[in-house]
Amino acid sequence: MTRRPILPGLIGGQGAALVAILVGLALLVPALNLLVPPSSPFHVPTHFVVLFGKWLTYALLAVSLDLVWGYCGILSLGHGAFFALGGYAMGMYLMRQIGPRGVYAHPVLPDFMVFLNWTELPVAWWGFQFFPYAMLMVFLVPGLLAFALGWFAFRSRVTGVYLSIITQAMTYALLLGFFRNNFGFGGNNGLTDFKDILGFSIQAPGTRAALFALSALALAGSFLIARAIVTSKLGKVLIAIRDAESRTRFLGYRVEHYKLFVFVVSAMMAGLAGALYVPQVGIINPSEFSPANSIEAVIWVAVGGRGTLTGAALGAVLVNAAKSWFTGALPEYWLFALGGLFILTTLLLPKGIVGTIAEHWPKPRRRDAERVPPLSAAPQPAE
Amino acid sequence: MMDVRTTQALLYLDGVSVSFDGFRALNNLSLVMDPGEMRAIIGPNGAGKTTMMDVITGKTRPDEGDVMFQGRHDLTALDESAIATLGIGRKFQKPTVFESHTVEDNLLLALDGERGVIGNLLHRLSGAERDRLDEILSIVKLKDRREELAANLSHGQKQWLEIGMLLAQDPALLLVDEPVAGMTDAETAETAELLRRINETHSVVVVEHDMTFVRDLGVKVTVLHEGSVLAEGSLDQVSANERVVEVYLGR
């Protein structure tokens with residue numbers, strides 16, 4: 001009797017390492033920032049905490065993208081839109097927290113509305129003074145948009161490059177919409193000048209350290225959810241859809257329901273990433289919807305390793321670390337470097353960093369002695 | 001619209017026509033299959049064999065005609081997954097298995113049972129399912145390769161895996177498109193034997209070019225030509241038909 005769990009452990013080796021690292025970072029980085037004196041070589045400066053925290057939210061966006069692209073073959077070129085919508089939901093809460101401390105000192109209306117001579121708060125802004133409501137919107141707005149888009153696209157069997165173009169058009173349409181002042185979300189200036197979050201000053205090192213820790217934990221938690229999804233039987237169906245969609249239909253699976261489920265879950269994760277990003281960088285504006293952002297996220301996933309989850313997170317951090325270095329040292333060459341990186345990855349490392357390593361790593365679960373003989377030894381059919 | 005049983009037939013096609021860009025792939029095709037029957041469909045290339053399967057499984061909508069399953073399901077109104085859920089399984093001409101899944105997972109995905117999103121998110125392999133997988137793996141002789149990725153199987157093994165997936169699906173009607181293409185003589189004979197065993201509990205439609213194989217099956221044969229039925233009967237009967245010899249056998 002062979003013993004092989006259909007669910008090969010919930011996390012797997014790489015996954016366990018990733019979660020351990022993230023939980024370790026969530027504890028260690030705030031401690032080194034807040035408790036170790038700045039004179040010590042072990043001190044982590046606050047601007048690094050903010051920078052790393054931002055990368056972690058990008059990693060979360062990458063994991064959400066890998067869930068749909070790597071496991072279900074849905075290449076979304078508009079995932080930045082879900083990220084930005086989550087960011088705007090958080091930004092709207094932060095704007096409402098400013099209250100009378102704004103330049104125009106209006107008790108309710110954010111500065112930009114006073115500036116535009118608005119007298120009433122638009123309906124879309126109602127309730128955002130309440131943190132739980134804003135958090136609900138962080139998930140609900142990207143989730144509903146993904147549901148609406150997915151409902152029509154997947155039912156009509158829009159796949160491949162056509163779906164990618166639709167998602168790209170979606171984020172571009174939102175970019176144009178949010179740029180307009182009368183759209184009601186701050187126009188091209190976006191939302192900024194935040195003061196505090198849940199009563200804590202947004203500039204305080206303690207708040208920043210806490211946001212970092214939350215980003216690390218959100219990434220770990222979302223990774224575990226994504227992992228649970230892809231290792232379940234549902235995950236096997238997703239991979240089946242990715243590899244042979246029509247065959248999956250002939251087995252009786254409603255492909256559109258599966259795609260819709262994973263697309264909505266992924267959009268909500270991206271929304272969470274955006275919500276954690278905004279208080280750390282202190283601003284959200286329409287440029288977050290720009291198609292280039294979504295494409296960059298695709299590159300992170302490709303570099304790290306599509307269909308690995310850990311690779312997506314790693315790719316996001318590595319590419320952004322490279323971006324930080326480049327934009328400091330050789331700012332005008334960053335886009336060339338990014339393009340080159342994508343081409344090199346596609347040509348030389350089609351499975352990405354983690355995918356390539358995993359391929360050459362000995363697999364402990366599989367008993368090598370029992371592995372199948374090389375193909376030539378198997379019975380070959382006559383052609 | 002059809003609530004009452006209108007025919008005793010398992011599968012009933014009447015006056016079915018399909019055109020692609022003016023080409024009539026099916027032309028007033030009528031075919032009736034009894035429950036428990038195995039039927040071989042032969043005919044030259046372009047006779048409409050695969051189009052007929054596409055119509056039955058919901059991949060292609062006929063321009064006109066009736067397609068009824070079990071006398072009460074109008075298949076022209078249903079899509080692929082609904083038809084599969086009714087109990088019609090299909091094996092493709094080119095073996096189509098999930099290459100990046102293991103042999104066992106291919107069968108697990110095909111296994112009759114939960115098809116819903118949430119149900120599959122929470123699915124745990126039951127003892128009964130495990131036993132069924134073991135049984136199918138033995139039938140299709142892939143037990144020692146259960147953990148191998150399907151991509152690494154030989155062509156013949158992929159064909160058998162796909163037949164195994166049909167067994168796992170346990171449909172009332174199996175549509176099998178060229179199951180022995182690319183197989184050795186020994187494999188072909190074994191496949192005929194396997195299909196005969198499957199036919200003990202399932203109805204089967206087999207499309208095949210290989211006359212030795214069709215003879216091995218020993219079942220009623222329907223000859224298609226230019227989208228309609230040219231002849232029907234035992235292989236000996238249709239082989240004696242002049243028109244059949246002219247368009248197909250005697251080429």
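Here is the naming used below: chain letters follow the sequence lines, and residue numbers restart at 1 for every chain.
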Give the minimum heavy-atom separation between [X] and [Y], together with the two atoms involved.
X: L234(A); Y: V117(B); answer: CD1-O, 3.1 Å
X: L121(B); Y: S232(A); answer: O-CB, 3.5 Å
X: R247(A); Y: R90(B); answer: NH2-O, 3.6 Å
X: E114(B); Y: Y253(A); answer: O-CE2, 4.0 Å

Heavy-atom pairs under 4.5 Å with chain B are the metric here; pick the option from S246(A), A244(A), A240(A) that has the most.
->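 Option with the greatest count: A240(A).
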
Heavy-atom contacts under 4.5 Å, residues 257-268 of chain A to chain B =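 If one takes a 4.5 Å heavy-atom cut-off, the residues of residues 257-268 of chain A near chain B are H257(A), Y258(A), F261(A).
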
What's the spacing between D105(B) CG and K233(A) NZ if we round to 0.5 Å?
->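 Separation between the atoms: 10.0 Å.
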
Working to the nearest 0.5 Å, report the span between OG1 of T96(B) and CG of D243(A).
->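 One gets 12.0 Å once the value is rounded to the nearest 0.5 Å.
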
From CA spacing to verdict: side-chain contact (heavy atoms from CB on, under 4.5 Å), F98(B), I239(A) = CA-CA 8 Å; F98(B) 302 118; I239(A) 292 172; over 6 Å; no

Salt bridge (charged side-chain N to carboxylate O under 4.0 Å, His left out) partner of D79(B), the single match among R249(A), R155(A), R254(A) |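 That would be R254(A).
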
Among residues two or more places apart or on two chains, list those pairs meeting side chain to side chain donor-acceptor pair (under 3.5 Å) that have a residue in residues 136-152 of chain A.
->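 Residue pairs passing side chain to side chain donor-acceptor pair (under 3.5 Å), neighbours aside: none found.
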
Report the option among N106(B), T57(B), T85(B) that has the most heavy-atom pairs separated by less than 4.5 Å from atoms of chain A.
->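 If we count pairs closer than 4.5 Å to chain A, T57(B) comes out on top.
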
Mind ranking S81(B), G116(B), A84(B) by heavy-atom pairs under 4.5 Å with chain A and telling me who comes out on top?
->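 It is S81(B).
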
Select one option (side chain, backbone, both, neither) describing which atoms of T248(A) are under 4.5 Å from chain B's heavy atoms.
->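 Both backbone and side chain of T248(A) come within 4.5 Å of chain B.
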
For Q169(B) and L251(A), run side-chain contact (heavy atoms from CB on, under 4.5 Å): C-alpha distance rounded to whole Å, both residues' side-chain angles, the deciding distance at 0.1 Å, then the answer.
-> CA-CA 7 Å; Q169(B) 212 179 328; L251(A) 286 181; 3.4 Å; yes

Would you sort out whether H123(B) and K236(A) count as a side-chain contact (heavy atoms from CB on, under 4.5 Å), showing the intermediate values?
-> CA-CA 11 Å; H123(B) 176 268; K236(A) 294 184 200 297; over 6 Å; no

Which bit of A186(B) is near chain A, if near means a heavy-atom gap under 4.5 Å: side chain, backbone, both or neither?
->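 The answer is neither part of A186(B).
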
F20(B) atom CZ, over 12 foreign heavy atoms within 6.0 Å |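 More than 12 within 6.0 Å, yes.
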
